[in-house]
Structure formats: C-alpha cells, structure tokens
2 protein chains.
Amino acid sequence: MNVTLRQLRAFTGVYRTRSITRAARELGITQSAASLLIQQLESQLGVKLFDRSTRSVQPTLAADDAFQSAERMLSDALGLSRRMRDLAQARAGRVAFVASAGAASALLPAVLARFRAAHPDIEIDMRDVAADDLVPRMIATDAEFAIGSVEGEIAEMTVETLTRGRLSAIGRRTADFAARRSLTWDELAERPTIAMRRETRIRMQIDQALGPQGKRLTPTYEVTLINTALAMTAQGLGLAILPATMLPAEQFPTLIARPLVRPAITRPVSLLQRQGRTLSPAAQAFVSTARAVLAQRTGRGS
Amino acid sequence: MNVTLRQLRAFTGVYRTRSITRAARELGITQSAASLLIQQLESQLGVKLFDRSTRSVQPTLAADDAFQSAERMLSDALGLSRRMRDLAQARAGRVAFVASAGAASALLPAVLARFRAAHPDIEIDMRDVAADDLVPRMIATDAEFAIGSVEGEIAEMTVETLTRGRLSAIGRRTADFAARRSLTWDELAERPTIAMRRETRIRMQIDQALGPQGKRLTPTYEVTLINTALAMTAQGLGLAILPATMLPAEQFPTLIARPLVRPAITRPVSLLQRQGRTLSPAAQAFVSTARAVLAQRTGRGS
DNA sequence: GACATTCATAGGCAAAGCTCATGAATTGAT
DNA sequence: ATCAATTCATGAGCTTTGCCTATGAATGTC
C-alpha cells in the first residue's frame with residue numbers, strides 16, 4: 001500500500017492541533033481511527049512522525065519536514081476539486097467553436113451577450129469563417145462545435161438543426177411592405193432585388209430550389225457580403241433576398257423580413273459536434289443558451 | 001469519500017497512455033479496477049474526464065486541465081516518500097546538538113570525521129559551549145542531545161554515561177614517564193604541574209574528591225583553557241592534570257596520559273537527551289558513531 | 001462476416017477502515 | 001494521597017471498499 005491523502009489529512013491535523021483526539025474530531029472520525037492513520041503513515045514512510053505519550057503529541061523533525069509537502073498536496077487536492085467544480089458549473093473554462101460568418105454576425109451576438117452575462121468567467125473563442133470553411137475548420141481545429149448552415153451528413157460528426165430560417169425578402173418598413181404576410185418569388189420580378197452572388201452558398205441553394213420549378217431569380221444587384229446587401233436595402237435600393245435569421249434587428253432597425261413562398265425555401269441553422277465527444281460543461285451551457293435564444297427568435301417569426 | 005491518490009494515479013496513467021487497459025497493466029491492476037477508479041474520480045469531481053468508447057479513450061478538456069495538478073500531487077507524494085526514506089536512512093537531515101568545549105575539542109573531532117564520511121549529506125550543527133552552559137543550552141534550544149560531563153539527574157532528561165575519563169597526568173613521552181603505568185596524586189608534589197583554575201568544573205571535581213582524603217592539589221600553573229594547558233605541557237613546563245579523554249592525540253602527538261590513582265578520580269562523558277523524545281535518524285546515527293569511536297578510545301586506554 | 005480488442009458491469013471475496021469498548025499512563029483536583 | 005478526567009493505544013467486530021474473475025457490448029480489422 002501507498003501513502004493516502006487520508007493519512008496526510010490526519011497527519012496535518014495532528015501536526016497542527018498537537019492532539020490526535022482533536023484532529024479526529026476535526027476530521028469527523030474517532031480518535032482510534034486517527035491514531036491508526038498516523039501509525040500507518042509512519043510505517044509507510046519509515047519514519048517516526050510524533051513522539052506521543054498519553055499527555056503530549058510532539059512532532060519530530062521529520063514531521064516538520066513532511067508537513068510542508070503534505071499541506072501542499074492537500075491544498076492541491078482541494079484546488080483540483082474546486083477547479084473541476086467550477087468547470088462543471090461552467091464558472092470557469094473556455095469555449096472554442098467555429099461559426100459561419102452569417103451566424104456570427106446575425107445570430108450569435110445575442111447569444112454571446114446572454115452567455116457572457118450568465119458565465120462571465122468563461123473564455124470564448126469564436127472562429128468566424130466563410131460558410132464553405134465551416135466543416136473543414138471544425139475538423140482541423142480543436143473547436144468543440146460549429147454553428148452554421150449544414151445540409152446532409154458528415155462523417156464523425158452529428159448535425160442537428162437548431163432552427164430553420166426561411167428565405168425572405170427583407171425591406172424597409174413601409175406601410176405597403178409591412179402589410180404583407182409573405183411574398184411569392186414571382187412577385188419579386190416586379191421589384192428591384194439584392195441577392196448574394198452565384199458562388200455563395202445561399203445563392204446556390206436558391207438557384208437549386210427554384211430551378212426544378214422552372215423559376216429563376218434575376219436580381220438587380222449581386223453582392224458578396226450580407227452586410228452590404230442589408231446596407232443597400234436600408235438605403236431603399238431594393239429587397240434583400242436572404243434568410244430572415246440573417247437580419248440583425250439591432251443593427252438595422254428600419255428593416256423587416258417577410259417570408260418568400262411558392263416555393264418556401266428554408267435553410268437550417270445547424271449545430272455540428274464531434275460524434276462520441278461530450279461537450280465541456282461550458283460548451284454545453286453555450287449551446288443551451290443558443291437554443292434558448294433561437295427559440296425566442298423563431299417564436300417572434302422568421 | 002474524497003479523491004484518492006490511487007484514483008489520480010489511474011487517471012494520469014490513462015491520460016498518458018490513452019487506454020484503460022494499458023494504464024491498468026502499468027499499475028499492476030486489472031482493467032476493470034482501473035475502469036472503476038476512473039469512474040469514481042469522475043463522479044467525485046463531477047466532471048467527465050474521458051470520452052470513451054470500446055475503441056478509444058479521449059481526454060476531455062477538463063482532463064487536460066486536471067492532468068497538471070494530478071501530476072504535481074503524485075510527484076509531491078513520491079518526493080515526500082523519498083525524502084522521508086532519506087531521513088530514515090540518515091542520508092539527509094540535520095543534527096543539532098550541544099557539546100561542552102572539552103568534548104568538542106578532544107573527543108568529537110574524530111566522531112565528526114567518521115560521521116561525515118558515512119553521512120556526507122547531513123548538516124551538522126554543533127554548539128560548543130562552556131561546561132556550565134551545557135544543560136541550560138540543551139534546555140533552551142532545539143538541540144536533540146548534548147555531550148559533555150554531567151553528574152546526577154536532570155528533570156525531563158535522560159543522562160547516560162558513554163565513557164568515563166580517568167583524571168590523568170599528561171606529559172611528554174620521555175622514557176621515564178612512558179615507563180609508568182600510573183602515578184599517585186602524592187607523586188605530583190615532586191613535579192611541576194599545570195591544572196585548570198579553581199572555577200572550572202574539572203578543578204572543582206578534583207578538589208572535592210581529594211579534600212576528604214586530606215590531600216590537596218597545588219599546581220605550579222593554573223590556566224583556563226585546556227588547550228593552553230596542553231600546549232604548555234608539550235613545551236615541557238610540567239604535567240597537565242586532566243581527564244585522559246581531553247588529550248587529542250592527533251594534535252599533540254608527543255604527549256601521553258597516565259592515570260592518577262589514590263584516589264582514582266573519574267569523570268563521565270555523558271549523553272543527554274530529552275525524555276520521551278526520539279532522536280532523528282540522523283542524530284541516532286551520530287550517537288552510535290560517537291559510541292563506536294569512544295569504545296575504541298576506551299579500548300586503547302584512558 | 002468472423003475475429004480480436006477494448007471498455008463496462010456484475011458477482012463474490014478478501015482486506016481495509018471504522019467504531020466501540022477497554023486498558024494504560026499521566027495530569028490536576030480534592 | 002487518592003480520585004476523576006483526559007489522552008493515546010489496542011483489540012474485537014462489523015461495514016465498506018477494492019479488487020479480481022467472468023461476461024457482455026461495441027467497434028474496428030482481416
């Protein structure tokens with residue numbers, strides 16, 4: 001058998017109190033148990049630690065020597081427990097994840113704000129990447145999860161749809177536009193529109209979905225960055241054709257989104273995780289915050 | 001129950017080998033025992049440490065975090081064991097003791113040399129004091145023992161006589177003097193003598209012992225320091241009246257000691273220890289070295 | 001698809017660990 | 001000086017822990 005922390009606890013207790021009885025009380029064990037623990041420790045270390053009579057318990061020089069190591073180990077043990085408890089309660093730690101640029105700019109700011117309020121000491125490492133890089137970066141780095149639009153299966157990963165954003169027309173809150181429940185794709189032809197360039201994921205999905213229906217989007221403007229599209233829309237240059245989830249209400253308070261139908265095209269906001277790997281408590285907390293925020297958002301319409 | 005070092009050993013093993021089976025082999029336990037230890041640790045820390053499937057054992061972030069503390073504690077534990085083993089074997093540590101000036105100059109140098117050869121890493125703290133200070137210093141300081149001439153009992157202390165030095169006449173190795181087995185006190189009257197001053201312990205003892213016999217020492221010279229007496233003797237100024245144990249043969253190779261008889265007066269060389277306190281292994285080793293050296297010395301005549 | 005490897009779990013047994021009771025030594029009070 | 005009180009050590013007995021063997025489930029390999 002080897003030295004145990006139990007023995008060391010008894011040892012430091014006796015060393016400090018100079019009494020086996022008192023130390024035992026502190027530890028919540030009987031005096032005889034404490035006595036045995038000291039004896040064991042002495043025999044395992046091969047050193048007498050206390051000169052004891054019924055009347056006094058005097059530490060030997062060896063005990064003076066051992067005391068420091070013992071204290072350090074015990075405080076390390078306590079520190080470890082505390083640290084793990086903090087990690088478990090997401091009061092310490094770090095969340096590293098990948099987010100597509102779209103999610104990062106529109107969806108996640110709210111999540112981040114809420115998460116930070118609840119878990120102020122968690123380090124957040126959000127890697128915002130172009131949509132195409134989402135999965136490769138997730139695979140290549142130590143990110144615990146990824147948030148973005150992913151369709152289909154990916155090896156070694158689980159994909160879960162958090163919410164679906166309907167492709168929408170985003171425009172200024174004019175009486176006319178605000179009155180609409182929805183717009184059809186056909187109706188867009190009559191109006192100036194701002195869409196993403198053909199190379200982008202969003203646009204590719206639109207074209208793929210409309211093609212079989214014999215329809216086609218012919219935008220007035222084509223841009224690369226979502227923000228550009230929204231800024232142009234805010235200027236009244238036309239309707240932006242985007243998932244509603246990509247409209248940050250705080251940033252563009254004058255804009256509103258109205259779903260496009262016939263056909264309704266939806267785009268998932270997905271959560272990507274490594275299969276068979278548990279998220280750290282901090283990451284779990286983050287994910288559930290994200291769920292909560294997205295649920296609200298969906299509730300008030302998307 | 002609390003975290004145990006056993007669990008931590010299993011943990012670091014698994015962490016390093018990324019395998020419960022291999023770690024178990026290292027620890028000399030079965031795979032199932034190791035598996036249980038990990039489970040216990042996880043439940044006690046409230047944190048998942050490994051994502052395990054039958055095919056892989058992946059440390060979580062919490063495990064990365066915990067690993068360092070765990071390693072430190074284990075190496076502390078090892079260090080403690082080793083340190084205590086060194087102390088036990090008197091391969092490390094420190095001996096603090098008090099020695100009367102006489103013992104320190106004549107008896108102990110040989111002991112120190114031998115002890116140091118056998119225990120090169122032990123720190124030695126020898127406090128050499130005047131004979132009268134021996135006991136007070138022993139009581140007041142943290143010295144583990146004292147060596148010097150002590151008669152009678154002392155509270156809280158054990159007094160053990162290591163050897164007895166006979167009061168002797170010390171003189172140059174002349175054919176005449178060397179031929180003598182012993183001298184009587186009466187014979188001293190015919191010769192020049194060098195004795196310690198009346199205030200010294202040695203002298204007081206001589207006077208007390210001779211008084212009842214109606215005898216009296218009337219020295220030619222009276223000095224305070226033993227070394228002075230010996231140096232004078234070496235110069236041929238007379239016979240030094242001292243315990244034979246106080247003649248350091250190495251320092252005064254020309255001098256020899258011959259016991260004084262009628263009456264024979266002896267003076268103990270005592271070992272003083274605190275009652276009920278064990279000596280540190282280093283001190284024990286020192287004391288037994290002292291015994292061995294003194295035994296030799298007694299053997300070759302004093 | 002059979003095989004081998006690895007982790008988890010259950011049952012059973014030995015050992016450790018604790019408590020309770022008691023004894024021995026020592027101190028302090030009556 | 002005797003007695004009560006305190007404190008540490010020890011032994012008996014019971015509970016809990018800890019380990020091993022055996023087996024099952026999952027997964028990657030040939």
Side-chain angles (χ1 to χ4, degrees), chain A residues 1-45 47-60 63 77 153 155-158 274-278, chain B residues 1-45 47-60 63 155-158 274-278:
Chain A
M1 244 297 184
N2 228 316
V3 173
T4 70
L5 290 176
R6 233 180 148 55
Q7 291 164 358
L8 294 182
R9 259 184 276 275
F11 166 63
T12 56
V14 173
Y15 186 89
R16 252 174 298 127
T17 60
R18 317 256 129 144
S19 156
I20 294 183
T21 305
R22 276 194 293 277
R25 258 200 295 276
E26 274 184 14
L27 297 175
I29 58 178
T30 58
Q31 167 268 322
S32 63
S35 177
L36 288 176
L37 285 172
I38 298 296
Q39 289 175 43
Q40 288 168 11
L41 186 60
E42 286 183 322
S43 94
Q44 270 147 28
L45 293 178
V47 163
K48 199 152 196 285
L49 293 170
F50 298 101
D51 276 317
R52 27 201 201 284
S53 70
T54 53
R55 218 59 211 170
S56 83
V57 177
Q58 272 296 320
T60 62
E153 310 247 307
E156 312 263 288
M157 300 270 171
T158 60
R274 286 174 221 285
Q275 214 155 42
R277 308 276 259 123
T278 33
Chain B
M1 244 297 186
N2 228 314
V3 172
T4 69
L5 289 177
R6 232 178 151 56
Q7 291 164 358
L8 293 182
R9 259 185 276 276
F11 166 63
T12 57
V14 173
Y15 186 89
R16 251 179 314 195
T17 61
R18 317 254 129 145
S19 155
I20 294 183
T21 305
R22 276 195 293 278
R25 258 200 294 276
E26 274 183 15
L27 297 174
I29 57 178
T30 59
Q31 166 268 322
S32 65
S35 176
L36 288 175
L37 285 172
I38 298 296
Q39 287 175 46
Q40 288 168 10
L41 186 60
E42 285 183 328
S43 94
Q44 269 146 29
L45 293 179
V47 162
K48 200 151 194 286
L49 292 170
F50 298 101
D51 277 317
R52 29 201 199 284
S53 71
T54 55
R55 219 60 212 172
S56 83
V57 177
Q58 273 295 320
T60 61
E156 311 264 289
M157 300 272 169
T158 60
R274 286 174 220 283
Q275 214 155 41
R277 307 277 259 122
T278 32

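Each chain gets a letter, A, B and so on, in the order its sequence line appears, and its residues count up from 1. Computed from a predicted model, the values in this text were never measured in an experiment.
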How is S53(B) classified with respect to the nucleic acid when contacts are heavy atoms under 4.0 Å: base, sugar-phosphate, or nothing? sugar-phosphate
Measure the distance from CG on D51(A) to P on dT26(C) and round it to the nearest whole Å. 14 Å
Going from CD on Q31(A) to CD1 on I29(A), what distance comes out if it is rounded to the nearest 0.5 angstrom? 9.5 Å
Any donor and acceptor pair, going by atom type alone, linking the side chain of S19(B) with main-chain N or O of T21(B) inside 3.5 Å? yes
Given dA9(D), is OP1 or OP2 found less than 4.0 Å from the side-chain N or O atoms of S35(A)? yes
Position toward the 5' end of DNA chain C (nearest nucleotide), S32(B) or I29(A): S32(B)
How many whole angstroms separate atom CD1 of I20(B) from atom C1' of dT9(C)? 13 Å
Nearest-angstrom distance from the residue atom CG of L41(A) to P of dG17(C): 12 Å
Any Lys/Arg nitrogen of R277(A) or E156(A) sitting under 4.0 Å from an Asp/Glu carboxylate oxygen of the other? no
First of T54(A) and A33(A) reached from the 5' end of DNA chain C, by closest nucleotide: A33(A)
Looking for any heavy atom pair under 4.0 Å, which part of the strands does Q40(A) touch: base, sugar-phosphate only, or nothing? sugar-phosphate
Rounded to the nearest Å, what distance is computed from the CZ atom of residue R22(B) to the P atom of nucleotide dT6(C)? 7 Å
Test your reading of the model: is there a side-chain donor-acceptor pair from Q44(B) to the backbone of L41(B), 3.5 Å cut-off? no
Quick one: F50(B) CZ to dA8(C) P, roughly how many Å, whole number? 11 Å
Which whole-number value in Å describes the distance from L37(B) CG to dT9(C) C1'? 15 Å
Just to be sure I understand the rule, does Q39(B) reach a base, reach only the sugar-phosphate, or reach nothing, if contact means heavy atoms closer than 4.0 Å? sugar-phosphate
Tell me the interatomic distance from L36(A), atom CG, to dG11(D), atom P, rounded to whole angstroms. 11 Å
R55(B) has a side chain; which of dT27(C), dA8(C), dT5(C) sits nearest to it? dT5(C)
Students often get this wrong, so: under 4.0 angstrom with heavy atoms, is S19(B) touching a base, only sugar-phosphate, or nothing? sugar-phosphate
Between R9(B) and E26(B), is the closest basic N to carboxylate O distance under 4.0 Å? no
Can you check the I38(A) CD1 to dT10(D) C1' distance for me, whole Å? 16 Å
Need one value for R52(B): base, sugar-phosphate or nothing, where a base atom within 4.0 Å counts as base even if backbone is also close, heavy atoms only. sugar-phosphate
